[in-house]
Amino acid sequence: KKIVIVGGVAGGASAAARLRRLNEENHIVMFDRGEYISFANCGLPYYIGDVIQDRQKLLVQTVEGMNKRFQLDIRNLTEVFKINRDEKTVTVKHVQTGETYDESYDVLILSPGAKPIRPNIPGIDEAEDIFTLRNIPDTDKIRGYVDDKAPKHATVIGGGFIGIEMAENLRERGVDVTLVEMADQVMTPLDREMVAPIHEHLRLHGVELQLSDGVSSFSEKGKKVHLTSGRVIDTDMVIMSIGVTPESTIAREAGLETGTRGAIRVNEKMMTSDPSIYAIGDAVEVLDYVFQEPTVVPLAWPANRQGRLVADIINGRDVKYNGTMGTGIAKVFDMTVASTGWNEKRLKAAGKTYEAVHVHPGSHAGYYPGSTPVSLKLLFHPTTGEIYGAQGVGINGVDKRIDVIATAMKGGLTVLDLPDLELSYAPPFSSAKDPVNMIGYVAS
Ligand code: FAD
């Protein structure tokens, strides 16, 4: 069998490795238009901040290394620009030589990811030094700019995961940062009262917050950022981090079905509307795990999980993708913010029946040094106890609590089960009643 993969990073590279492990005979071709495959997207902001100092460490696998280890046929710097479903071929173009050819497939896997949104704002086309961050070349540009031009001030537009990580890492480099966010809070997967300490903490670390405001235009080649409030920010550089959009153009042009935000529609076997074509990662529409509604969740866990599953499915295993809860986490200087499932804003807007509880216990026993509060919020159905989501903010131990609750959700546990979770305890780590037990007691 000949299997062709489009995209060689999170989803594509996971699929390729697993395909080879399951079958030694198949011819596996993996295309990526970029020079690098299988790089650490999630580490990019920390290389810009010089927290990760060695650029080489971002390159998890090289083309040569991966070809050799898994006997693949990886063709980087090669863009797939057309899927010819009747002929079962893709038309590709080498991005440097311009050489074009068709490559046949028996099975095609699309893992093209999502691209940063670059809005059509007046003045943006004339502006210089407006950056988006997705891959190694973007990272080199931003880091190179900070190294060479020593900017004094940066404007980060968008207070999601990447915006917050960029604000922090630019501060690490001594750059003053103004963070502009359209909503009245950063990190919108959490509810507003939960991120109030994060707003304080960002300000404490020298990030100026401009909430409930957006960019209306750029002037003077992007050195002036005009906001809808009327404020004008003088800046040296702009990071545009207002979200991503699925790279579904070639799929759509080939007549494959698309759905939410133009993402490629797949079934629980990751199969598109063409049975010879599968799609995974940031480019696909998935089912929300909690309410089984179509949604798009561009995160690394789903891409990796789906990459492995699609290889299993192609090799005849009876497995399926169970949906995405959107479990996510970010470091904000000394704090951690994490969440899973639905938040209260979304439950309320969808008219769902729910109850919310909050607790603020210590990360570990108060009498042992270094204990700090963990603020947890739990959302659940008032009678069945079904858990809809959880949010956590604090300095230590937030990751563990959100991960335990995310696991409980996948395991079908209810709030009534949380007090019964027997979690590890000694004073430096937790309390005999762990914060997850505590919130379970409060909820039930
Ligand atoms: P990608 O990994 O983006 O790979 C897609 C590849 O396909 C790209 O290399 C692209 O060049 C190539 N491609 C696209 N179209 C074509 C074509 N037509 N022909 C050839 N090649 C093509 N997620 C987390 O869960 N936690 C984090 O901390 C986190 N941090 C992140 C930080 C940054 C800066 C970024 C950008 C993302 C981060 N993510 C994080 C998101 C995570 O990286 C993505 O969810 C994941 O990489 C998606 O995998 P994918 O395979 O769908 O797409």
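Numbering of ligands and ligand atoms starts at 1, following listing order.
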In ligand 1, which numbered atoms sit nearer than 4.0 Å to a non-hydrogen atom of [X]?
X: Gly281; result: 52 (O)
X: Glu79; result: 19 (N), 20 (C)
X: Ala303; result: 48 (C), 49 (O)
X: Leu133; result: 34 (C), 36 (C)
X: Leu299; result: 23 (N), 24 (C), 25 (O), 45 (O)

Salt-bridge present ([X], [Y]; N to O < 4.0 Å):
X: Glu126; Y: Lys223; result: no
X: Arg75; Y: Glu103; result: yes
X: Glu200; Y: Arg203; result: yes
X: Asp191; Y: Lys377; result: yes
X: Lys224; Y: Asp234; result: yes

Can you tell me the protein heavy atom closest to [atom] and the distance?
atom: atom 16 (C) of ligand 1; answer: Arg33 NH1, 3.6 Å
atom: atom 47 (O) of ligand 1; answer: Asn41 ND2, 3.2 Å
atom: atom 1 (P) of ligand 1; answer: Val9 CB, 4.0 Å
atom: atom 41 (C) of ligand 1; answer: Pro298 O, 4.0 Å
atom: atom 19 (N) of ligand 1; answer: Val80 N, 2.9 Å
atom: atom 7 (O) of ligand 1; answer: Gly7 CA, 3.2 Å
atom: atom 53 (O) of ligand 1; answer: Gly113 CA, 3.2 Å
atom: atom 50 (P) of ligand 1; answer: Ser111 OG, 3.8 Å

Only one of Arg173, Arg143, Arg171 passes salt bridge (Lys or Arg N to Asp or Glu O under 4.0 Å) with Asp50, and that residue is Arg143

Does any N/O atom on [X] come nearer than 3.5 Å to any N/O atom on ligand 1?
X: Asp282; result: yes
X: Gly11; result: yes
X: Ala300; result: yes
X: Ala114; result: no

| message | Under a plain distance cut-off of 3.5 Å, with no hydrogens placed, do Glu172 and Asn169 share a side-chain donor-acceptor pair? | response | no

- Query: Any chance the side chains of Thr178 and His153 put a donor and an acceptor closer than 3.5 Å?
  - Reply: yes

Short version for Cys42: what comes under 4.0 Å of ligand 1, heavy atoms counted, is both

Contact region, Asp32 to ligand 1, non-hydrogen atoms below 4.0 Å, reads both

The single option from Phe291, Tyr289, Tyr388 that satisfies ring pair (Phe, Tyr, Trp, His ring centres under 6.0 Å) with Trp342 is Phe291

Exercise. Is the closest heavy-atom distance from Thr78 to ligand 1 below 4.0 Å?
Worked result: yes

The complete set of ring-ring contact (aromatic ring centres under 6.0 Å, His included) pairs with one or both residues in residues 43-77, sequence neighbours excluded, reads none

**OP:** Measure from the side-chain N and O atoms of Arg346 to the backbone N and O of Ala350, and report whether any donor-acceptor pair falls under 3.5 Å.
**Re:** no

Between Asp334 and His201 the two heavy atoms that sit nearest each other are N-NE2, 3.1 Å

